Visitor: 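I'd like to ask you about the structure that follows.
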Amino acid sequence: MSHDRHSYAEPALVRTTHLELALDLDFDAKVLAGTATHTLAWSGPGDRLVLDTRDLTILAVEGAADGDEWVPLEYSLAVSDNELGSALTVRTRGHERVRVSYRTAPTATGLQWLEPSMTAGGMMPFMFSQSQAIHARSWVPVQDTPGVRFSYAAHVTAPPELMVLMSADNGTASRRTGSFDVVMPEPIPSYLLAIAAGDLVFEPIGEHSGVWAEPEMAKRAATEFCDTEEMMRVTEALFGPYRWGRYDILVLPPSFPYGGMENPRMTFATPTVVIGDKSLVSVVAHELAHSWSGNLVTQDSWDDIWLNEGFTSYVENRIVEAVYGNELAVMETAIKQHATVIKLDPLSPAEQAVELPGLNHRSQYHGTSGLGPLKGAWFLSWLEERFTRETFDPFLRGYFDRFAFRSINSEDFVRHLQEQLLDKHPGTVTEAEVAAWLAEPGIPAFAERAVSARFEVVDELRERWLTTGELPDGAKHWTTQEWLRFLDAAPDVLTAAQLQQLDREYALTGTANGEIARRWYSIVAASAYTPAYEELADFLTRVGRMKLILPVYKALATTQPGHDFATHLFSKARPGYHPITTAAVLKILGS
Ligand code: BES
Ligand code: ZN
């Protein structure tokens, strides 16, 4: 069993099999307080239980050996490590259950507490969690490693005007009584623990899916995500049953730091994809895909995150193809591959080895950065092409079946690959080719790039515009993806005249499309095109999704005036940002 270096827990000795939470949400204090009761399965001597915590105040720890007799237990909280937090070690005697009474800090890294003014409605406060990768420990004392899985039940009390939702069986009725009880009957890893509370209403999409959002947003979001039910059907047809009951989407306020988070039964999503034309709904395909890759078959440590995000990126693309057609799927693959290549291009082979390890290499990250996930998706597409879908699709389905509700590592996958695909179809790929993907840096030379005919046209028109100033023909009718391509492969810096020409024709400044905005404002910032700075500032203040705003901050930081502007802007935007967004911006600004 591999040990997870991102956790102090000792799953070889003891594992939580079930967790019972009793929590109260205190919006005035920005504190969540209560108890976490662990049901334990011991394989060691039973003399200690180590849980992960970060910035938690531990009020008491009790144990029950038989019956419901709770007895106080001795415990100690280690000095906090900056990255990992602080190990809570409990002196046990093989107790079947251990109950921790605790409260969170207002600065808990896994929670954001929003003032009413930071919501769409402006009247009620809001709070939400973001546990992945190692932030669950900041709101629940838990074995915070994806190698441990447990079911959970929660009893939550909250101000009576608010709705509380968790990654569990919330149902569809918005009954606000101040008291909520939910259950997640399937064993999940800690990073999928999730909670949110606010002025939330339900809007159905279909029989098995719906949207939770603030009243202002619910109907629009349900319309944007109207294909969710079909996405579920096509994924089931390809890769086997959806095993989580309902699939609902919670649309969060704009400070949500990610595009989406695959909390089981309740994907958390950024409102920046609700723009009225469905052009960014591959985020839903992605989070839904995690119901198979990640949530059902889980990496047992963050070193193997490619098993999760790489497979998901691949499955996402298959869903997009099945629902929206090959042309869009190819464009989206090409956009992802372009991002990979761009990141690698300037790097020497030695640097590439660090940026892009073989798939089995320990990742330096426990986040989305790093290219393992992109390389993993590319690897799977390549396998698919070599073996053909007729063979590859049942293989992948078999993989999800075999490892369902288990946490595995890369070696488990590679063994399965060898047995179920390579050995059964000898002569289709060579060992050297597989090794090139799994063990060598960079993208193998024999990997084929996705070719989009539409993008070839966009590329030509961009080059013509850059050399002659002639505006791209037909651009007024481009899809979002064509715009993304146009901007992705444009020079980092353009002249004021060029930017003004584009803006006059296509009104890019002020666009409601966050993916276009992040690329456009990055060029604006790197080009110091000040006429667009007011809208740029508005974007960076309104939105907290890291993928959209960090590139713009980076581009601003390349010049001194830009850096000054960004610093000033950040001081105003900061109260609205999530703690992890704040940390990321501070890193870019070097303060
Ligand atoms: N699970 C990730 C988000 C994540 C990864 C959070 C690592 C914390 C650490 C989620 O599924 C994801 O990948 N979201 C993407 C959207 C997707 C379409 C690529 C995002 O947030 O942009
Ligand atoms: Zn993902």
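The chain is numbered in sequence order, starting from 1. As a basis for the values below, the full set of heavy atoms in this structure was taken, side chains included, without hydrogen atoms, waters or symmetry mates. All values reported here derive from a predicted model rather than from experimental measurement. Ligands are counted one by one from 1 in listed order, and the atoms in each one are counted from 1 as well.
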Visitor: Going by the order shown, which atoms of ligand 1 are within less than 4.0 Å of some heavy atom of H286?
Guide: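 Counting atoms of ligand 1 from 1, those under 4.0 Å from H286 are 10 (C), 11 (O), 12 (C), 13 (O), 17 (C), 18 (C), 19 (C).
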Visitor: Specify whether W382 and W437 have parallel, tilted or perpendicular ring planes, treating 30° as the upper limit for parallel and 60° as the lower limit for perpendicular.
Guide: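 Answer is tilted, since the angle falls between 30° and 60°.
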Visitor: So does E309 have any N/O/S atom less than 2.8 Å away from the Zn ion (ligand 2)?
Guide: yes
Visitor: Which atoms of ligand 1 are found less than 4.0 Å from any heavy atom of R545?
Guide: 22 (O)
Visitor: State the CD1-CZ distance between I188 and F405, to the nearest 0.5 angstrom.
Guide: 10.5 Å
Visitor: Quick one: does V284's side chain get under 4.5 Å of V273's, heavy atoms only?
Guide: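 Not touching, per the 4.5 Å side-chain cut-off.
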Visitor: Exactly one of Y577, F128, F126 should register a side-chain contact (heavy atoms from CB on, under 4.5 Å) with S255. Which one does?
Guide: F128
Visitor: Would Q130 count as a contact residue for ligand 1, given that I'm defining contact as a non-hydrogen atom of the residue lying under 4.0 Å from a ligand atom?
Guide: yes
Visitor: Number the atoms of ligand 1 from 1 as they appear, then name those within less than 4.0 Å of a heavy atom of E262, with their elements.
Guide: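 What qualifies from ligand 1 is 1 (N), 2 (C), 10 (C), 11 (O).
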Visitor: Return yes or no for this condition: an N or O of E316 is under 3.5 Å from an N or O of ligand 1.
Guide: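 Among all N and O atoms of E316, none is under 3.5 Å from an N or O of ligand 1.
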Visitor: Ignoring angles and geometry beyond distance, decide whether Y258 reaches within less than 3.5 Å of ligand 1 through its nitrogen or oxygen atoms.
Guide: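 No, no N or O pair falls under 3.5 Å.
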Visitor: Just heavy atoms, cut-off under 4.0 Å: does K547 contact ligand 1 by side chain, backbone, both, or neither?
Guide: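 Answer for K547: side chain.
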Visitor: Inspect the surroundings of CG in D492 and state if more than 12 heavy atoms from other residues, nucleotides or ligands are less than 6.0 Å away.
Guide: no
Visitor: Evaluate whether atom CZ of R449 has more than 12 neighbouring non-hydrogen atoms of other residues, nucleotides or ligands under 6.0 angstrom away.
Guide: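 It does not: R449 CZ has 12 such atoms or fewer within range.
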Visitor: Look only at interatomic distance and state if G259 has a nitrogen or oxygen under 3.5 Å from any nitrogen or oxygen of ligand 1.
Guide: yes
Visitor: Could you go step by step and tell me if T480 and S279 meet the side chain to side chain donor-acceptor pair (under 3.5 Å) rule?
Guide: CA-CA 6 Å; T480 293; S279 69; 2.9 Å; yes
